[in-house]
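Below: one structure, written as structure tokens.
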Amino acid sequence: MRFGWRAISGPALTAAALLPALLLDRLVPAPSPAPLFVGIVALAGALAGLASAVTTAIVAVIGAALFFLHRHGVSGHGAADLVPLGLLAVTAFGTAGITGLMRERLLGSFAAERRSHATAARLSAALDKVDIGIVLLDAETRAEFINRAFRDYFAVPDEIADAKPPFIALMYHGRDTGAFELPEDELGTFIAQRMEMVRVGDAPPINIKLRNGEVLRFVCTALPDGGRMLSYTPVTDLVRHSDAPASADYYRSLRDPTGRKLIRYLRAAE
């Protein structure tokens with residue numbers, strides 16, 4: 001037990017409650033301070049833990065015995081008069097054990113929660129340093145976390161990203177800001193297909209072409225809690241630099257998620 005105001009507050013309060021009770025009992029019959037002692041034991045357990053609570057319980061039992069002897073004398077009582085003192089001892093030590101252990105358990109839970117928050121903060125900071133866009137969705141497809149790369153790729157303001165928007169709202173934001181390199185009449189189908197991929201989870205990855213020339217590899221992974229992890233890996237160099245100039249239209253058609261450009265390309269080749 002560490003000595004400090006919390007550790008000594010229980011015994012000190014018990015002694016402070018006993019002295020006025022003894023002085024008052026000299027003038028008029030005073031009620032027993034036993035219930036007050038039990039309350040002080042509980043307070044000591046909540047403030048300083050099990051050791052302080054047990055110490056306070058010992059002081060409380062001794063104080064109650066002194067109050068009893070002060071009122072009845074050494075020989076002015078029978079065995080039945082000791083029953084309240086025994087009940088006080090059981091109650092005081094039981095209260096000390098319960099409150100002390102509860103405090104230790106709560107402190108352990110708080111410490112674990114602080115470690116969890118610290119780990120989450122470090123992980124969040126690390127994910128903000130990578131160039132892969134990361135979005136974590138809950139089971140209702142609301143964005144619980146959006147890293148810096150995704151915000152930059154799709155020009156998502158912090159006030160929107162931090163408000164935990166649904167994934168459909170992020171898709172519409174990309175549409176409204178012109179992030180996707182798609183004809184306007186194909187955007188509705190594109191968004192519907194992305195929503196279906198998120199609903200299914202673990203769907204085959206696709207490439208998403210942005211209007212600024214970036215190409216992102218989109219992967220949706222189902223999580224055990226029903227949520228989804230969305231990753232947007234930049235593959236611009238791998239996709240565009242490998243395109244043969246003579247087959248540029250063909251490779252661009254392959255990057256079309258709807259496959260319409262590929263159909264048009266094959267028809268043109270015929």
Side-chain angles (χ1 to χ4, degrees), residues 1-127 136 138-139 142 144-145 162 164 223-227:
M1 178 178 66
R2 296 181 179 180
F3 288 96
W5 73 268
R6 291 176 181 270
I8 65 175
S9 60
L13 285 174
T14 303
L18 175 63
L19 293 177
L22 292 176
L23 294 176
L24 182 62
D25 194 56
R26 287 179 176 272
L27 303 176
V28 295
S32 173
L36 179 60
F37 288 165
V38 174
I40 295 175
V41 170
L43 178 63
L47 288 177
L50 181 61
S52 178
V54 171
T55 302
T56 304
I58 295 173
V59 175
V61 173
I62 295 174
L66 291 176
F67 183 85
F68 180 80
L69 293 175
H70 176 267
R71 172 171 291 180
H72 300 284
V74 178
S75 58
H77 62 272
D81 296 326
L82 298 178
V83 173
L85 186 61
L87 292 176
L88 170 64
V90 172
T91 304
F93 284 105
T95 303
I98 292 173
T99 56
L101 293 176
M102 286 182 61
R103 181 179 186 275
E104 290 182 2
R105 186 169 182 177
L106 286 175
L107 290 179
S109 298
F110 290 150
E113 186 175 355
R114 284 195 298 268
R115 290 193 297 269
S116 178
H117 282 302
T119 301
R122 289 194 298 270
L123 180 59
S124 175
L127 291 178
L136 296 180
D138 62 15
R142 298 191 69 89
E144 293 186 322
F145 172 78
D162 294 337
K164 298 184 177 181
L223 302 178
D225 63 352

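Starting from 1, each residue takes its place in the sequence as its number. Treat the numbers as computed from the prediction; the structure is a model and nothing was measured.
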At what distance, to the nearest 0.5 angstrom, does CG of Leu43 lie from OG1 of Thr95? 12.0 Å
Donor-acceptor contact below 3.5 Å, side chain Ser124 vs main chain Ala120: no
To the nearest 0.5 Å, how far apart are OG1 in Thr14 and CD1 in Ile58? 11.5 Å
Heavy-atom side-chain proximity of Thr99 to Met102 below 4.5 angstrom: no
Taking every non-hydrogen atom, the tightest pair across Lys164 and Arg142: O-NH2, 2.8 Å
Spacing of Leu106 atom CG and Glu113 atom CD [to the nearest 0.5 Å]: 11.0 Å
Could you tell me the separation between the CG atom of Asp162 and the CZ atom of Phe145, rounded to the nearest 0.5 Å? 10.0 Å
For residues Ala60 and Val41, report the shortest heavy-atom separation together with the two atoms involved. CB-CG2, 4.4 Å
Within the side chain of Arg103, is there an N or O that forms a donor-acceptor pair under 3.5 Å with the backbone of Leu50? no
Using every non-hydrogen atom in the two residues, find where Ile40 and Ala17 come nearest and quote the distance to one decimal. CD1-CB, 4.2 Å
Spell out, as yes or no, whether a donor-acceptor pair under 3.5 Å connects the side chain of Thr56 to the backbone of Ser52. yes
At their closest point, which heavy atom of Ala64 faces which heavy atom of Phe37, and how far apart are they? N-CE1, 3.7 Å
Ignoring hydrogens, what is the shortest heavy-atom contact between Ala44 and Gly10? Give both atom names and the distance. CB-CA, 3.8 Å
